[in-house]
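Note sheet for the following structure.
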There are 2 protein chains.
Amino acid sequence: MNPKAEVILFPKHARQPRQFRQWLASILQTFQEHLGRQGLKLTRQREEILRALMAAERHLGIDELYLSLKRQDPSIGRATIFRTIKLLQECGLVAEVGSSNGRSKFELKADRPHHDHMICVECGRITEFQSPMMERFQDGAIRRHGFVALWHRHEIFGRCRDCLKRRPRG
Amino acid sequence: MNPKAEVILFPKHARQPRQFRQWLASILQTFQEHLGRQGLKLTRQREEILRALMAAERHLGIDELYLSLKRQDPSIGRATIFRTIKLLQECGLVAEVGSSNGRSKFELKADRPHHDHMICVECGRITEFQSPMMERFQDGAIRRHGFVALWHRHEIFGRCRDCLKRRPRG
DNA sequence: CATTCTATTGAGATCGAGTCTCATTATCAA
DNA sequence: TTGATAATGAGACTCGATCTCAATAGAATG
Ligand SMILES: [Mn+2]
Ligand SMILES: [Mn+2]
Ligand SMILES: [Zn+2]
Ligand SMILES: [Zn+2]
């Protein structure tokens, strides 16, 4: 089970330092506004975690984030990662992507189009996809039931193209 | 947070003893075939758990199932519930419905049409819905990506009609 | 800049759903 | 009935996630 993830929608411009700094500033401001609204503070650790998520080009698990951040800040604690991820989810800046095993992964949601995920149960690859028509009919169902949606989770589990090519029958 | 669940698709005929016995026999046969195929055995406990799921008119958590079964069989163990639920999922007879907190619920899938779920984050109510068009576009996306789907999880979290009526703004 | 009031942090304890171990018991085919 | 093998239940265990708490850091104020 190779934890590599295919990503088709992560912003390419984030690789260029100048644009990245600009992007970071704008996202940080959004975060800080949400924090301020609740009397919370922007700390070095919270900024580091947000920056790591923005620089990532794939979906990250808590432990990947922790180990990666620990290299440049050996004192950082796992509890802070959990706490900050939860804050970022409440802000709408980050979303959770469940995997078939119990370990969730996370992705930056800000400035990225809405999409859902196909998760390969064999190699763990996460394929992002968009289907505007699907979303439209989903919205119709929600309206028919008098429901007000806050978020949704639409994950398809199966075998990816490459795993099928490698071993046509599972 | 009231754990009551609105159910719109659970089979009504299951309430009539004669039809229920007939239905049980057919489902038990399916289960036994799957067990036999893997050299496993049909036990009293496995039958009790299956019967409880068939008689249920809502989505059940492990603990609800455990406490309910314990009344007529005080010796039954939690581990057996977990093991049997997993077997029934492998057989395709039972499906998991995730909730917003960490406790999954389960439902019988056999002889019921495919549907997805809206989950109220305020009262916990689970509303079942169907959208054939949504499924059709989902299948299109799956095919476009050369993926082979084994199962999917499509859950919409938000506020239900009744909670909205009670307190229009969250 | 120093002060002061809070919020935040990291280490480690704790929680809890789910899994595993193992001695005992049940299933089922012969 | 017997025997090979699978299943069970109690409780230990796993491990991701949360909580506790004493020490620290943010930021508002003057
Ligand atoms: Mn994604
Ligand atoms: Mn259902
Ligand atoms: Zn794969
Ligand atoms: Zn509700």
Side-chain angles (χ1 to χ4, degrees), chain A residues 3 28-29 31-50 52 59-91 94 96-106 124, chain B residues 3 28-29 31-50 52 59-91 94 96-106 124:
Chain A
L28 263 182
Q29 188 178 349
F31 191 24
Q32 202 157 19
E33 278 166 11
H34 281 268
L35 290 173
R37 215 167 293 141
Q38 305 182 45
L40 308 181
K41 295 164 182 173
L42 180 62
T43 65
R44 176 175 50 77
Q45 291 90 335
R46 284 176 180 167
E47 188 173 333
E48 280 168 0
I49 292 165
L50 184 52
H59 302 83
L60 295 178
I62 292 286
D63 223 59
E64 291 173 289
L65 254 181
Y66 173 65
L67 294 175
S68 141
L69 286 165
K70 206 167 176 60
R71 264 184 273 133
Q72 62 180 72
D73 177 1
S75 81
I76 201 163
R78 270 192 175 80
T80 301
I81 314 271
F82 279 107
R83 289 188 280 235
T84 303
I85 288 278
K86 183 176 272 188
L87 274 175
L88 289 167
Q89 283 182 273
E90 287 163 11
C91 291
V94 160
E96 180 178 355
V97 179
S99 62
S100 49
N101 59 58
R103 308 187 179 188
S104 299
K105 292 183 178 299
F106 300 87
Chain B
L28 264 182
Q29 187 176 348
F31 192 22
Q32 202 156 19
E33 278 166 11
H34 281 268
L35 291 172
R37 215 169 290 141
Q38 306 182 45
L40 307 180
K41 294 165 182 173
L42 180 63
T43 64
R44 176 174 50 80
Q45 290 90 336
R46 285 177 180 166
E47 188 173 331
E48 279 169 358
I49 292 165
L50 184 51
H59 303 83
L60 295 179
I62 292 287
D63 223 60
E64 291 173 289
L65 211 39
Y66 173 64
L67 293 175
S68 143
L69 287 165
K70 207 169 176 57
R71 263 184 274 131
Q72 62 179 74
D73 176 1
S75 82
I76 201 163
R78 272 192 174 79
T80 301
I81 314 269
F82 278 107
R83 288 189 281 234
T84 302
I85 288 280
K86 182 176 271 187
L87 275 175
L88 289 167
Q89 282 182 273
E90 287 163 10
C91 291
V94 160
E96 181 177 354
V97 179
S99 62
S100 50
N101 58 57
R103 308 186 178 188
S104 300
K105 292 184 179 298
F106 299 88

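Reminder, nothing fancy here: chain letters follow the sequence lines and each chain counts from 1. Keep in mind that this is a model prediction, so the values were computed, not measured. Hydrogens, waters and symmetry mates are skipped; everything else that's a heavy atom, side chains included, is used.
In this structure, A/Arg44 places its CZ atom 11 Å from C1' of D/dT24, rounding to the nearest Å. Atom CD in A/Glu64 sits roughly 15 Å away from atom C1' in D/dG16 (whole-Å rounding). Atom-to-atom, CG of B/Asp73 to C1' of D/dG9 comes out at 11 Å; the value is rounded to the nearest Å. Rounded to a whole Å, the CG atom of B/Leu65 is 15 Å from the P atom of C/dA17. Look at CG on A/Leu42: it is 16 Å from C1' on D/dT24, rounded to the nearest Å. For the pair B/Ile76 CD1 and C/dT25 C1', the interatomic distance rounds to 15 Å; values are reported in whole Å. Between the CD atom of A/Glu47 and the P atom of D/dG26 there is a distance of 11 Å, given to the nearest Å. Separating the CD atom of B/Gln32 from the P atom of D/dA7 is a distance of 13 Å, rounded to the nearest angstrom.
One finds a side-chain N or O of A/Arg103 lying less than 4.0 angstrom from the OP1 or OP2 phosphate oxygen of D/dG16. A sub-4.0 Å separation between OP1 or OP2 of D/dA25 and a side-chain N or O of A/Gln45 is absent. A close approach under 4.0 Å does not occur between any side-chain nitrogen or oxygen of A/Lys41 and OP1 or OP2 of D/dA28. The phosphate of D/dT8 (OP1 or OP2) has no side-chain N or O of B/Ser75 nearer than 4.0 angstrom. Here A/Lys86 does not reach the OP1 or OP2 of D/dA17: none of its side-chain N or O atoms lies under 4.0 Å away. At the phosphate of C/dT9, OP1 or OP2 sits under 4.0 Å from a side-chain N or O atom of A/Arg46. Put simply, A/Thr80 has no side-chain N or O that comes within less than 4.0 Å of OP1 or OP2 on C/dT8.
At a cut-off of 3.5 angstrom, counting only N and O atoms as typed in the model, there is a donor on one side and an acceptor on the other between the side-chain of B/Arg83 and the base of D/dG9.
With a 6.0 Å radius and a threshold of 12 heavy atoms from other residues, nucleotides or ligands, A/Gln29 has its CD atom at or below the threshold. When the shell of 6.0 Å around CZ of B/Arg71 is examined, it contains 12 or fewer heavy atoms from other residues, nucleotides or ligands.
Of the possible donor and acceptor atoms, none in the side chain of A/Arg46 sits under 3.5 Å from a partner among the backbone N and O of A/Leu88.
Heavy-atom distances to DNA chain C give each of A/Leu40 and B/Ser104 a nearest nucleotide, and the one nearer the 5′ end belongs to A/Leu40.
The B/Phe82 side chain lies nearest to C/dG18 when the options are C/dG18, C/dC20, C/dG10. Comparing D/dG11, C/dT27, D/dC19 by their nearest atom to the side chain of B/Thr43 picks out C/dT27.
Checked by atom type, the side-chain pair B/Ser104/B/Glu96 shows a donor-acceptor distance below 3.5 Å.
At a threshold of 4.0 Å, the pair B/Lys86-B/Glu90 does not count as salt-bridged, since none of the basic side-chain nitrogens sits closer than that to a carboxylate oxygen.
At the heavy-atom level, B/Lys70 lies nowhere under 4.0 Å from the strands shown.
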